[in-house]
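Have a look at the structure below, then the notes.
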Protein chains: 4
Amino acid sequence: MNKVILMGRLTRDPEVRYTQTGKVVCQFTLAVDRPFANQEGQREADFIAIVVWGKIAELCGNSLTKGQRALVDGRLQIRSYDAKDGTKRWVTEVIANSVEFIERKATGSGAPVQSGDAGPKSEMESFGSAVPFDEEIPF
Amino acid sequence: MNKVILMGRLTRDPEVRYTQTGKVVCQFTLAVDRPFANQEGQREADFIAIVVWGKIAELCGNSLTKGQRALVDGRLQIRSYDAKDGTKRWVTEVIANSVEFIERKATGSGAPVQSGDAGPKSEMESFGSAVPFDEEIPF
Amino acid sequence: MNKVILMGRLTRDPEVRYTQTGKVVCQFTLAVDRPFANQEGQREADFIAIVVWGKIAELCGNSLTKGQRALVDGRLQIRSYDAKDGTKRWVTEVIANSVEFIERKATGSGAPVQSGDAGPKSEMESFGSAVPFDEEIPF
Amino acid sequence: MNKVILMGRLTRDPEVRYTQTGKVVCQFTLAVDRPFANQEGQREADFIAIVVWGKIAELCGNSLTKGQRALVDGRLQIRSYDAKDGTKRWVTEVIANSVEFIERKATGSGAPVQSGDAGPKSEMESFGSAVPFDEEIPF
DNA sequence: TTTT
DNA sequence: TTTT
């Protein structure tokens, strides 16, 4: 048993990439509010890395944008990678089985907001490339 | 909503410590089997850091030992700390609300296994001190 | 371990009542969409009874109205009661630990919708009295 | 989102049956301890109906027996049926996606306990027939 | 016996 | 109407 359920907001537009073997993968970060306030009386958030594979990855890439709320159901997974300084590092990610789009971000035209244009794209790429997907994560 | 449910085995005896303000905290790592086999046909595991506070922390310290199964219910949390090289690092932990002891490890005498003796103790300490609890994590 | 997580819409305004010992209890039904279509190609819903106690009960009574979405976290519980025909019956309910209000129902004035007026009230009362709370459900 | 996670003990051997269209279905009841004691200081249990379909149904039928612990992950579903008195009734069931066998019941020989022989079989049948599966529940 |  |  390895279950995770999170509700939060995307900290940026999701990034969709393809592995060497052609699998679709979508990555984004979810800001999940903590259930309590800190010493300064502020409610912080945890910024949790989400990974989605396959058909749902495409849906997320097409439908989700920065700031939207999403309800993620998945499992915790830990990946190791080699840092630039030669040491081994670990990242903890939630591999999503399903993603529910809680709200559609309203636009002036009423049309669904479309993610991804030149500006944010490069920023996302640098984010995504920090921990490469050398190995396939089976679904 | 931030929920995690994990079932796995302790990779070592739990470590119990006290914060500067006297709160009890118990840490251990849970090996959670992946739901599929890798390319070599082996089932790997994720090694997930668990943190327990308060009364349950004491119970875990007294009752759980390396190799035992536990069912953990909690929430994902990310802590930052300063690495020895001066850079900022993040650890992802599961803050447990409850821990169910699935099985009592059998001994020759039939008595419950008692955790903690000199050998493994020092090893645990080094593990625990890697990411110090400078700040209180409110419950 | 007894955990339930549901997201759905209230089928009517919640009903708030008080037990003989003065505890607040709030009841409503959540329509939760099924994850698939039936033979006629329609997606049905399950109508699940929710029970909330204490402070959260009051919040639900004040903030939730028919049609709104809510994210409920709780546990399954089965209560028995005596039907009018003298036989024993059982109801399955979700005892909520927390209820997240996913959306505020929009009004013309922009003010939060207020639940409860004479009309629907009597209808709710009849609903609530079907299975009385003779015994306290400890929290 | 409709998620249920339960850990408890089978109150009887599971019953395996087949629908008119040849689908395998396995039913059992899980006794799930309540997290608190009642007024008499006793911990009660909720007796929750579990339904499993397909391959996992067969595994459950072959591997689980009365008294064993199981960890069930599934979703809540409500089925209606016509009572003998002509009225409509509802049953709430947990449709399991996965069932983890927490422990193997020990036998003198050390061999896995095999469920199902003539005696209990007839008892199970009567249990199962109380609420028939006239309609297929899609998976 | 229901919600959108 | 039940499990340990």
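As the structure is a prediction and not an experimental result, all values here were calculated from the model.
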D:Asp13 side chain vs D:Lys66 backbone, donor-acceptor pair below 3.5 Å: yes
Rounded distance in Å - CZ (D:Arg9) to C1' (F:dT2): 14 Å
Among F:dT3, F:dT2, E:dT3, the nucleotide that comes nearest once only the side chain of D:Lys66 is considered: F:dT3
Atom pair distance, as rounded to whole Å: CD in D:Gln68 and P in F:dT4: 11 Å
Taking every non-hydrogen atom, the tightest pair across C:Ser80 and C:Lys88: OG-CE, 3.6 Å
Nucleotide F:dT3, atom C1' - distance to CG of D:Leu6 in whole Å: 14 Å
Nearest listed nucleotide, side chain of D:Ala45, among F:dT3, F:dT2, E:dT2: F:dT3
Contact check, side chains of D:Ile50 and D:Glu93, non-hydrogen atoms, under 4.5 Å: no
Atom-to-atom span, CE of D:Met1 to P of E:dT3 - whole angstrom: 23 Å
Among E:dT2, F:dT3, F:dT2, the nucleotide that comes nearest once only the side chain of D:Asp33 is considered: F:dT3
For atom CG of D:Asp46 and atom C1' of F:dT2, their distance in whole Å: 12 Å
Protein-nucleotide distance (D:Leu71, atom CG; F:dT3, atom P), rounded to Å: 21 Å
Separation of atom CG in C:Leu64 from atom P in E:dT3, rounded to whole Å: 16 Å
Closest to the D:Thr29 side chain, choosing from F:dT3, F:dT2, E:dT2: F:dT2
Length of the line joining C:Arg43:CZ and E:dT2:C1', which is rounded to integer Å: 17 Å
Side-chain heavy atoms of D:Thr92 within contact of D:Leu76, under 4.5 Å: yes
